[in-house]
Every structure is written in structure tokens, then in C-alpha cells.
Amino acid sequence: MKRNGVKMIKINSKNVDVFYGKKQALFNINLDIEENQVTALIGPSGCGKSTFLRCLNRMNDVIDICKVQGQIIINNFDINDKSCDVVRLREKIGMVFQKPNPFPKTIYENVSYGPTIHGMAQSKSEMDEIVETSLKKAALWEEIKDRLHEPGTGLSGGQQQRLCIARAISVKPEVILMDEPCSALDPIATAQIEELIDELKKDHTIIIVTHSMAQAARVSQNTGFFHLGELIEHGSTDKIFKNPENKRTQDYITGRFG
Amino acid sequence: MNKNKEKLLNSRYRTEKRFQFYGKSAIFLALLFLTIFIFKIFSTGYTAFQKTWLIVPVTFDAETMYLDENPSKEDLEDADYFDLALQTMFDLDKSASEKQQNDLKKMVSYFFEREIKRELLNDPSLIGKTKDVYLTASDDLDQVFKGNYPRDLPEDQRRVTDYQLKIFDQLVEQGRVESKFNLSFFTYPDSREAELAGIASSFMGSIFSILVCLVIAFPVAVLAAIYLEEFAPKNRFTDFIEVNINNLAAVPSIVFGLLGLGILLAVFQLPRSTPLVGGITLSLMTLPTIIIACRASLKAVPPSIREAALAMGASRMQTTMHHTVPLSMPGTLSGTIIGLAQALGETAPLILIGMVAFVNTIPGSPLDPAASLPVQIYIWAESAERGFVEKVSACIMVLLGFLILMNLFAQIIRHKFEKKWS
Amino acid sequence: MNLILFIFIVLLGFTSYYFGRKKAYTIQSTNKRLTALPQFYGYYLAIWCAIPAFIIYSLWAIFEPTIVKLLILSDYANQGYLDDELNLIYEKTKALSRGQFTGEVTSFIQTSSEKYLNLRSIAQSSKVVIVLCIIIASVAYAYKRISSNNRTREPVEKFFKAVLFTASLAAILTTVGIVFSLIFQTVDFFKVIPLFDFVFGTHWYPAKAFVRDSSEALDPSMYSDTFGAVPIFAGTFFIAFIAMCVAIPIGLMSGIYLAEYASYKVRQYAKPLIEILAGIPTVVYGFFAALTVGPFLKDIGTAMGLEVSAESALAAGGVMGIMIIPFISSLSDDVITSVPQSLRDGSYAMGATKSETIKKVIFPAALPGIVGSILLGVSRAIGETMIVVMASGLAANLTLNPLESTSTITAQIVVILIGDQAFGDPKTQAAFALGMTLFLVTLSLNIFALRVVKKYREKYE
């Protein structure tokens, strides 16, 4: 989104290197993410796009041997800095995973989990409201409003993934990271999620990792192409798909490898 | 709002810290128990590996032994050494009253006669001469010398009399008391006298029981595991066998003791108190452990190996015997050793089949009555004499030593020989 | 003699293996195609040689003594002897023929003993002859079959499969054996003592039943108020409860810490160290409880002005709890580790702290498995014997004061059965009835717990 003709940059990554033990997985990534836009990260599998995504909310901390170097600046603050509090960071940056992973609890508890731990609701009615708005924003409310207290694991795959999206947006994050959110879903569910992503970008900055170039083309405004741990090219989706500068990008787009 | 948030976050972090602290304390407590445990056993037990000897001059007077002149070897064997031994002890204090003489006699073990006899048999030329002989001190003096026995108690609460202490102190002053490595702890059978009690009988009992257990449990368990893992059709009956095995693994050991008593002793009339019955009982108990270990390692052999062999035209039996079973052997063996280690430490079932009887001979076969190491611990722990406390701890040290060795061995087999399938 | 025959059969078995294989090579040399590898011909012959012989041999060993006994005692039939007296005569006869008889030798027993020896030698020689005949017949049959190049692999493999199957029955046989060893004595016990008195009676003094002489033993009225098991059941569950109060918090927290927090290094060392606690024999714990913990608690109690028994339930239960820590910790560690990582990721991505994730996501997800592992721990606590025998009281007090002494099912079984027992004495039978109770209680706990754990495993696999 442009404000006064200037692109608003939400996330600014500088010289990011990632190592798994001795193996380097990402090489010197410099990528700016625009606010309230959908940025797609594409590339063949194992190219490091998911690794980069997981850097943005420090999910790589979970993996013992993983080390991240370089700066990732969000709201003028380097999240790799020692003073950064991951709990607060992850409250601001939500994430949706490849496989739907609802908690083995009721639908209501799934959505209210984030607001509860972050103390966002003072009363039961406030919490009800948060749950309802989140589910509505995730376009799930109509389908499940009568069975809020049934286990979330009983929903269909597409519904589960939308429940996970509702869970992510319940804490009103500024950024939502999506790691191939549709790869485990059928085409109809995929279409619903894509529609939802378009809706969500009004309030959130979205970064989506995807295998499907068609999906990237459909949902994103900006695209970054990763290959073998390097960011080969990034820019507006139109440009990347119609007029790529780099030969490798072109080869990938046209399906010569991947 | 922001301030509230800050407060909430701080309290969340405090909760996190507290939770981690609980976790660490739990680990710490568990390890603390282990440390106290081992420390306690070692600190009470290490003294048992030393034994106190009184060095007493013995005059091998032919008359006191009722020997004729130029006695033959047989004469020496058959001679009566008791009066000589008694006289030796009385000579320590020539002015002793009758009661004090009795005290003197009780300063050494009742083996003193035998110890003097052995000395003479080793060197028959000693007749008529005087020689210093090592005599096993009574367990009470042994404890006094090791500092385990409070000397400042009033006399009537002590098992050692003032008179005995006086003589003993004199002997210590003269350098006639010596502490040496307690070999007899390993070579003597059990005894009612703490200073003479050893673990040889229970040790052999344990070895025989474990051997019987191994011979029965290992083949049956491996064959059963092979059937269940490789051949059994998936039906109700095999499910039933499986449920049975899992349950047996969790049945209290004492129930196996009742089985041994009610079936092996009462119905099959096998000899009571023997390692044979003990071993059979233990084998029934370890059977499920070994079956479960063997099945796990058979399961770990990837199906591709079986498919490869089957595709070459090998029969199922050949595939199993030539490929799957050899590959699963390291896991099976280490599981077996761990099962045997469990059996080695088992006490309750052996008590029920009578292996708790007092045995003062070293068993030569699984058909001789015997105790086992853990049962020996139980028997000694129930004895009142102070001298047995250190024996129990020492016996525990030996038992734990064996268990550690077996477990290490199992680890080595597992790490060295087990193939890691990626 | 028996051993020689046994070895002989084994040797013959090996020899026939080589003959069978050789035969296969001869068939091969005549350019005929073998139906299986040569060693199968060997196995085929060896099985036919040894197995029928062994079956006859074992049957003989089982039935020979019974038949000999019948023959010997037939001389004494119709002379008005009681069964017990007949048994005694037979034992005397046997002892005399072994030269171990020390009593007065009557002419009756002298003749019987001669007859006994005579019968035994006939039996021995006829056994050898029959076994040899069987071997010759079955080897001849088998040799004929392999000579005509019949199939050998299938029958051999079928035989091996049958052996494997038989081995797998061992587990069932053991369970059947347990039930059989318990049931007869238990039924006899309840013939004398009404079930109601056993389950609801509050006085347990089995020693009272022992001092009576056996002629009165069938009068049930004198056993009233002797075999009321309530104090023992209460003591058992009370001590198990104390044990679980120690084991659950420590075991569960260490399991959680090891699974979620501990670094690879800490885990590598702490886990096996804690598991050492599970490898220590229970008799060692018993010694520790009786010699160290009991007196220690008593001293503390005295210092605080409390009356503490040296054999308090607290000492036994506490030490038992230490023993159970590793079961709970490693089982719950396994259960927690098998919760899928995606659930953790989901929670962390919401900004949850580790402890929030554990308490609100992982723990509820792992709960069935954890409950299962705790139940297995309870079953172990109930069945634990040596600690209570050595550290808790042997008198069955009905109390809920952890500082007093109580007794348990297992301790009572040992107390009653240690030393010589007379089967048929209600006191001995009481031990088996207690054993039956113990078996049933732990069995149902185990079945339930294992099922819960299994269901849980399947959910995440």
C-alpha cells in the first residue's frame, strides 16, 4: 500500500544468513515486505523459503541446531536482537502452518487460546466477541456457530485450516505468516482460503509461502523467488511473472525446473 | 492498558520460571535420592571387605591334642584340636576366672579350632613349637575395631564385655590385631555368625537360577516373538496372546512366586528351595520382557529386507531365519540381558518357593538347595546382629555391581552391533 | 539311564540329518531335480527320527511313576488302608529301594521294595526297546519318502512353524498356570471363610488360625473375625497412595522437563541416571527403607514430639514412591515426546510461553497416555513386595495415620508363606486368596491402563 506515493515497508531484512548446524540454509537475504500487501515466496522445495518465513517470528528458535544471523527489522526493531521478547513478537506476528494443526480442544478454546494467554479479554462476553469476530473474519462462523464447543479436530481439512487462521487473527497480529496453507487442502477449500487471504490483507500484512505459482499469481501483490538458499529476485508479482530479470526465475516460472 | 499488559507479561514470565524450577527440582530430587542411596550403601558396606584377625601364639603341644609320638598325616587329620584351641585362648590371660575364660573363648569365631588345625596340617613339624596364628575375631570385636560399635554404652547394653575390651585393647597395643582383605566373604557360604558369613552359597544360587532362567526363557521367547511378528495371522487369537504378554509383563512378581509354589512345588513335586524351581519361576517372569524386546527389534528390520529375500524366491521361513532374525539379534540379546538382570534382582518369588532357607553349603548344581544374592540380602537384613548390617551393604554392592555390568554389556551390544536403519 | 537314552536320541537325530542330506546328494547325482535344498532332506529325516521318540519318551516319563505306584499298591488293596497310609507305604518303599530308609523295615515293605525295583527295571528296558522301535519305524518311513523324492521343504517348514506357534502359547500357559495355582486354594479358602467376611471383615489375625490343631480345622465359626481383609486392603491402597504422592509430582515433572526443556546433553545423562532407580532391586529399597528412612523419620518425629513408628507407612510408601519415579518419568516422557510438533508450533506461533504450551496444549493432548502411565505405576505400587515386607509392619492395623504401621496384601502373603506351609490349612489358603485378589486388581488396572496407552499411541501414529 502506498501512502503519499511512498511504499510503506513493514519488514526489512538485511543480510540474513541461516545455518542448520554446519550447513548454511540461507545466504544473505535482503528482502523488504510491504505493509498491508500479500507477499508470496516461491521457489523449488528445499530452497529456503519456509526457513526464511520461520525467521520472521523466530520459530527457528524451536530447532536447537538452527542459527540465524543478520537483521530483521519490524517496526524499527531488530527481532534478532537479544532484547527482543519472542512472546511479544509472536503476538504481533501470527502464523498459519502447512498442515492444519488445531489443538485437541473445542473450537471455542482454540480461538480463545491466544486472547487468554495474552490477557486480551476482561470478561466472558468480551471473549465471546473476540471469538465471534475472529471466526467471522476467517469466514467460518456461519458453518460452525452452533457447535463452538465441539472439538476442533472434528472439522474438515479446509475448516480446520480456517480455524487455524481464526486462531491466528484472534490476537490481532500485524503480520500473518502462511506456510503453504493450502498444500493439504482440496481445490474448493483452497479457493475459500485464497479469497480469505485477499480479505485479510486489509488489516494484516501477509506473507505466504507457496508451491503453486498460480496461487502466488492469484493472491499476491509482491513475489520473491528463492533458489538454493538465495533470494534470486523480488518485486511486484506482475513483473516477476511477466517480465522476470533473472534467467533462473524465468526458467522456474515457465516450468523448466522446479 | 499497556501497563496492564506489561504486568501480565511479567507475571507470565514468572510462571514460566517457576515451572522450569519445578522441573529442575524434580530431576534434582530424583538424582539426590540416587546419590543418598548409593552413598549410604557404600559408606555402610565398604568395611565388610576388611576382616579383623587376632594374632595369637599357639603352642602345639602334642599332649593337649592327644597325639602319640610321630603322628601320621591321618592322625593329624583326626586329632581333637578343641582343647588346644581353648587353651590357646585361655593363655591370653592366665589369671582369668571361669566366666572370663568364657569371654576369652568368645573373642574369636568358632572356626578357631579349624584355623589352628589348618596351620598344623600345613606344617606338621610345628608340634611342640609355638607359632603366631591368625584367628578370625568375633563379629562384635570386628565391629569394635572398625569403629562401628559404640564403646561408651553401659556394659549391659553391649554385646562385648568390659573384660573382652580390656584384653582386646592389650592385643591391639601389642600389634596382635590386624585387618586384612576379607576373602572369606566371597568364598564362605552363609553362616549364623556374621564374621564367618559369606556370599558363596547365594552367589552360586543366583548363577544357577539365572542359567536355568536363560536356558528356558531365551529360546521360548525368541521363537514366540518370531511367530507373533513374522507368521501370526492377524486375528482374535493372536490379539489375545498379545494382550496376555503385555499383562504378564506387569503382573506383580509375587504372583509368579505363588505360581511356583502352587504348580511347580505342589503339583509337579519339584525339589523345594532349589535354583531349578527358582530359575523356572524367574523364566516365566522374564519371558514377556524378552518377547517384547525381540518383537521390537524384529519390527525394526525394514520390510524392504524381507521383500528383497522373498523376491529372490526364498520361503517365508528362509527369509525369517536367514535375514530378519540375524538382523534382530543385537536388540534381542540386549533385551534378554536386561530381562536377566531384572530376574537377578528379584526376591519375592524366590522367598515363596523356599529359597530363603538357611543354606550353609555351597550348591554344586541347580538341584541343591540354595539362596540367591537378593534373598541373602533379605535374610541378613532381618538378622539382629550388628555385624550383618555391613554384610548386607556389601552384598548389595556385589549385586549392584553385577547389574551394572549386565546393563553395560547390553548397552555395548546394542550400540556396537545394532544396525541403524535410516 | 534316562540321560543316556536322551543323548542317544539326540545323536541319532543328528546322524539322520547327515543321512538325509547324503540321500539328497545321491538323488541329485542321478540327475533328478531335487524338490528342495539338500538340508531339508536332512531336517525331514531328523525330525522323523527324534520327535516321535521324544513324545513316547516324555509320555513314558510322565506315566511311569503313576503306573508303578498303582501296581505296587494293588498288593495292599482291600486291606482297609486309608489313602494317606497307602501313600506313606509307597514313600517308604521308594526310600528303601534307594537305600535311604532309616526306620524299621517290615517284611511287607521289603517285598514291595523288591517288586518296585523289579518293575522299574522292566519299565526301563521296555522303554528303551519301544523308543528304539519307534525310531526305526519312523526313520524307515521317512527314508522311503525322501528316497522317492517327495516334497520335504513344506513339511519341514510346517513343523518349524508349529514349533514357533507352540512357543507363542507359553504366554497363555503362564497366565493359565497363574489362575490354576491360585484358584483351587482360593475356592477351598472360601468354603471355610465366607466371601463376605473376607471382603468386609475388619480383623486380620491369620496367626490365630495356625495355633489350632488340624482336627478342628473345618469348623468355620472359630475363624470368624480372623480373616477380615479390610485392614490389609486399606493398608495396601494407603501405602500405594503415599507412594504415588511422591512419584507422581517428581516423576511427571522430571518427565516433562526431560521432554520439553532439557538440552540434548542434560537429557543424555539425566535420563539413564534416573532410570538406574528403576534397575535397583526392590530388596535393596526395602533395606534402605528399613534401615535408613524408617529410623530417620522416627528421629525427626521424636524431635517434633510426634509418635512415629519405626515401621511407618510413610517410610515404606515414600521409598516405594522413589522406586516408581522412573516409571512415571520415562513413560510420560515418551508420551509427551509423541505429541506432534505441529501442536507445539501452533502454540508458540501464538506467542505462548513454553510452560503455557505445556500446560494448556501438550498436557491435555498427552493426558490419556499420562493417566495410563500413572495407572501402571499404581499397579506396580500395589504389587510391590519386598519394600513393604522389610519396612512396613506385619500386623494389620486399620489406620489412616501415615506415621503408624500398616500391612499390605503382598506383605501378608510373604509372612504367611515364608517357611513351611501345609496346603489345606486355611492360613495358607488365605495367602492364595490374597494372591488372587492381587492378581485380579493388578490385572484389571493393567488391562485398562494398557488399553488407554494403546489408544493414545494410535491417535498420533
Side-chain angles (χ1 to χ4, degrees), chain A residues 50 53-54 56-65 85-106 109-120 134 151-153 160-161 163-173 175-179 184, chain C residues 252 256-271 332-373 451-461:
Chain A
S50 286
L53 192 76
R54 289 170 70 95
L56 300 178
N57 66 346
R58 301 250 315 249
M59 276 307 275
N60 285 328
D61 288 13
V62 179
I63 304 159
D64 278 336
I65 54 163
D85 180 353
V86 286
V87 168
R88 246 184 283 193
L89 170 73
R90 289 174 188 161
E91 188 188 342
K92 295 264 180 292
I93 303 185
M95 187 164 189
V96 177
F97 295 84
Q98 188 168 356
K99 252 175 70 187
N101 57 349
F103 301 136
K105 300 173 160 215
T106 65
E109 282 169 333
N110 260 290
V111 183
S112 67
Y113 179 73
T116 314
I117 57 173
H118 294 296
M120 291 169 74
S134 307
T153 41
Q160 283 191 11
Q161 195 62 303
L163 176 62
C164 291
I165 293 175
R167 188 176 71 190
I169 57 183
S170 65
V171 289
K172 305 195 175 65
V175 180
I176 300 174
L177 310 175
M178 296 187 171
D179 190 355
Chain C
L252 201 53
I256 290 175
Y257 189 85
L258 285 177
E260 294 290 320
Y261 285 102
S263 64
Y264 177 73
K265 260 236 157 97
V266 172
R267 199 181 149 85
Q268 198 186 5
Y269 289 106
K271 205 173 150 85
S332 50
D333 180 1
D334 287 353
V335 164
I336 287 171
T337 332
S338 66
V339 172
Q341 181 63 28
S342 69
L343 288 184
R344 281 184 198 95
D345 284 352
S347 176
Y348 293 146
M350 297 296 297
T353 62
K354 234 173 179 173
S355 66
E356 283 162 352
T357 307
I358 292 165
K359 281 188 266 187
K360 297 194 176 137
V361 178
I362 298 176
F363 192 75
L367 194 62
I370 288 175
V371 169
S373 71
R451 190 163 280 189
V452 169
V453 173
K454 195 177 165 206
K455 274 246 171 74
Y456 168 79
R457 290 253 158 82
E458 280 164 359
K459 194 167 136 195
Y460 288 121
E461 259 165 20

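Chain A is the first sequence line, chain B the second, and so forth, proteins listed ahead of strands; every chain is numbered from 1. For clarity, every value in this text was computed on a predicted model and none was experimentally measured.
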S.K.: Only one of C/R344, C/K354, C/Q341 clears side-chain contact (heavy atoms from CB on, under 4.5 Å) with A/V62; which?
M.R.: C/Q341
S.K.: C/D345 and side-chain contact (heavy atoms from CB on, under 4.5 Å): which partner among A/Q98, A/M59, A/K99, A/M95?
M.R.: A/M59
S.K.: Give, as side chain, backbone, both or neither, the part of A/P173 having an atom under 4.5 angstrom from any heavy atom of chain C.
M.R.: neither
S.K.: So which part of A/R54 gets closer than 4.5 Å to some heavy atom of chain C, the side chain, the backbone, both or neither?
M.R.: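 For A/R54, side-chain heavy atoms alone lie under 4.5 Å from chain C.
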S.K.: Quick one, C/V361 and A/Y113 - any side-chain contact, counting heavy atoms below 4.5 Å?
M.R.: yes
S.K.: Check whether C/S347 gets within reach of chain A through its side chain, its backbone, both or neither, counting any heavy atom under 4.5 Å.
M.R.: both
S.K.: What is the distance from atom OH of C/Y348 to atom CG of A/D61, rounded to the nearest 0.5 Å?
M.R.: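 The OH atom of C/Y348 sits 10.5 Å away from the CG atom of A/D61.
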S.K.: Do you know which two heavy atoms are closest between A/K105 and C/P364, and how far apart they sit?
M.R.: CE-CG, 4.3 Å
S.K.: Which one, A/H118, A/E109, A/R88, A/E91, leads in non-hydrogen pairs under 4.5 Å with chain C?
M.R.: A/H118
S.K.: With distance as the sole test, does C/K360 use its side chain to make a donor-acceptor pair with the main-chain N or O of A/I117 at under 3.5 Å?
M.R.: no
S.K.: Holding to side-chain contact (heavy atoms from CB on, under 4.5 Å), I want the full list of residues that pass it with A/K92, two or more places apart in sequence or in another chain.
M.R.: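 Partners of A/K92 under the side-chain contact (heavy atoms from CB on, under 4.5 Å) test: A/E174.
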S.K.: So for A/L89, is it side chain, backbone, both, or neither that comes closer than 4.5 Å to the heavy atoms of chain C?
M.R.: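 No part of A/L89 comes within 4.5 Å of chain C.
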S.K.: What are the two closest non-hydrogen atoms of A/G114 and C/M350, and how far apart are they?
M.R.: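 Residues A/G114 and C/M350, closest heavy atoms: CA-CE, 3.7 Å.
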S.K.: For C/L343 and A/P104, which heavy atoms make the closest approach, and how far apart are they?
M.R.: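 Scanning both residues, the minimum pair turns out to be CD1-CD, 3.7 Å.
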